[in-house]
Amino acid sequence: MHSQGKILPQQFYELDDVVAVSRRLLGKVLCTNIRGQTSAGVITETEAYCGRNDKACHANDGLRTARTETMYGPGGRAYVYLCYGIHHLFNVVTNREGLADAVLIRSVRPVEGHSLMLERRSRDALTPVVSNGPGKLTQALGITTGDDGVNLLGERIWIEDRGHSVAAADIIASPRIGVDYAGNHALRPWRFYLKDTPWVSQQ
DNA sequence: CCTACGATCTGCT
DNA sequence: GCAGATCGTAGGG
């Protein structure tokens with residue numbers, strides 16, 4: 001409940017450059033408080049999705065539906081959707097209202113609530129498989145589609161700066177995963193992850 | 001209404 | 001390495 005760092009302010013999310021926000025989220029700490037129990041992980045892998053001219057984005061070229069509505073809201077909210085009928089994927093909405101940009105969080109390294117995360121993942125050892133994938137980390141942190149639209153400056157899900165500095169040289173860029181349907185846009189190097197960490201999704 | 005498929009993960013071979 | 005899980009969403013008739 002009590003944050004151990006500085007909660008990221010609204011301005012962090014309002015930036016008109018989703019790729020920059022995607023990079024800056026590395027090293028920040030994603031926290032949840034579900035039914036009074038806190039768990040958290042350092043963000044180690046992200047992907048940027050832009051609402052304009054990005055065929056990999058759900059809201060590409062202004063596609064506005066019930067599902068994508070959250071992405072059109074102001075930055076600083078959660079966009080959570082169901083993938084393959086099973087996995088709940090968590091995104092951070094960025095930019096101002098009307099511009100549907102978002103950052104998919106793909107991996108975290110657990111730093112708080114270890115036993116709770118292990119229990120949610122039905123594991124007994126704290127290894128990367130606990131949270132090195134977009135569907136795995138939401139399960140570990142207790143995030144579901146019921147959290148779609150939640151304000152990240154609230155008390156259920158938030159992101160903190162706990163002073164983990166990340167140098168540009170420690171960030172690796174690569175094409176995004178699982179978006180082959182996006183054609184030429186799938187080649188854009190909009191996936192970012194921390195160098196030398198095992199807490200990164202497998203390809 | 002109907003159909004195809006997905007920003008994935010797991011277990012089995 | 002590969003198939004199955006599992007259901008909401010988007011698009012077409």
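Quick note: numbers below take in every heavy atom, side chains included, and nothing from hydrogens, waters or symmetry partners. Just so it is clear: chains get the letters A, B, ... in the order the sequence lines come, proteins before strands, and each one is counted from 1. Keep in mind it's a predicted model, so treat the numbers as computed, not measured.
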- Query: What nucleic acid atoms does A:Ile86 come within less than 4.0 Å of, heavy atoms only: base, sugar-phosphate, or nothing?
  - Reply: base

- Tell me, do A:Asp54 and A:Asp61 make a side-chain contact under 4.5 Å, heavy atoms counted? no

- With a 4.5 Å limit on heavy-atom distance, are the side chains of A:Tyr13 and A:Leu152 in contact? yes

- Query: Hey, does the side chain of A:Arg106 come within less than 4.0 Å of B:dT8's phosphate (OP1/OP2), counting only N and O?
  - Reply: yes

- Would you kindly compare A:Ala59 and A:Gln139 by the position of their nearest DNA chain B nucleotide and give the one closer to the 5′ end? A:Ala59

- Query: Can the positive tip of A:Arg106 be found less than 6.0 Å from the middle of the six-membered ring of A:Tyr193, inside 45° of the ring normal?
  - Reply: no

- Is the charged tip of A:Arg24 near the ring of A:Phe12: under 6.0 Å from the six-membered ring centre and within 45° of its axis? no

- Message: Does A:Arg176 qualify as a cation-pi partner of A:Tyr49, given the criterion of NZ or CZ under 6.0 Å from the six-membered ring centre and within 45 degrees of its axis?
- Response: yes

- Proximity to the side chain of A:Cys83 - top-ranked nucleotide from B:dC9, B:dA7, C:dC7: B:dA7

- Within the structure, does a side-chain N or O atom of A:His58 lie under 4.0 Å from either OP1 or OP2 of C:dT9? no

- Per A:Leu63 side chain, nearest of listed nucleotides B:dA7, C:dG11, C:dG8: C:dG11

- Of the nucleotides C:dT6, C:dA10, B:dC9, which one has an atom closest to the side chain of A:Pro134? B:dC9

- Positions of residues 44-54 of chain A (non-hydrogen atom under 4.0 Å from DNA chain B), listed by number: A:Tyr49

- Query: Rounding to a whole Å, what distance do you find between A:His88:NE2 and B:dC9:C1'?
  - Reply: 13 Å

- Message: With a cut-off of less than 4.0 Å, is there a side-chain N or O of A:Arg121 near OP1 or OP2 of B:dT10?
- Response: yes

- Message: Quick check on B:dA7: is either OP1 or OP2 less than 4.0 Å from any side-chain nitrogen or oxygen of A:Tyr181?
- Response: yes

- Query: C:dT9 phosphate, OP1 or OP2: any side-chain N/O from A:Thr65 under 4.0 angstrom?
  - Reply: no

- Item | Name of the residue among A:His114, A:Arg120, A:Glu112 meeting side-chain hydrogen bond (donor to acceptor under 3.5 Å, both in side chains) with A:Ser39 | A:Arg120

- Message: For A:Arg52, I'd like to know if atom CZ has over 12 heavy atoms of other residues, nucleotides or ligands within 6.0 Å.
- Response: yes

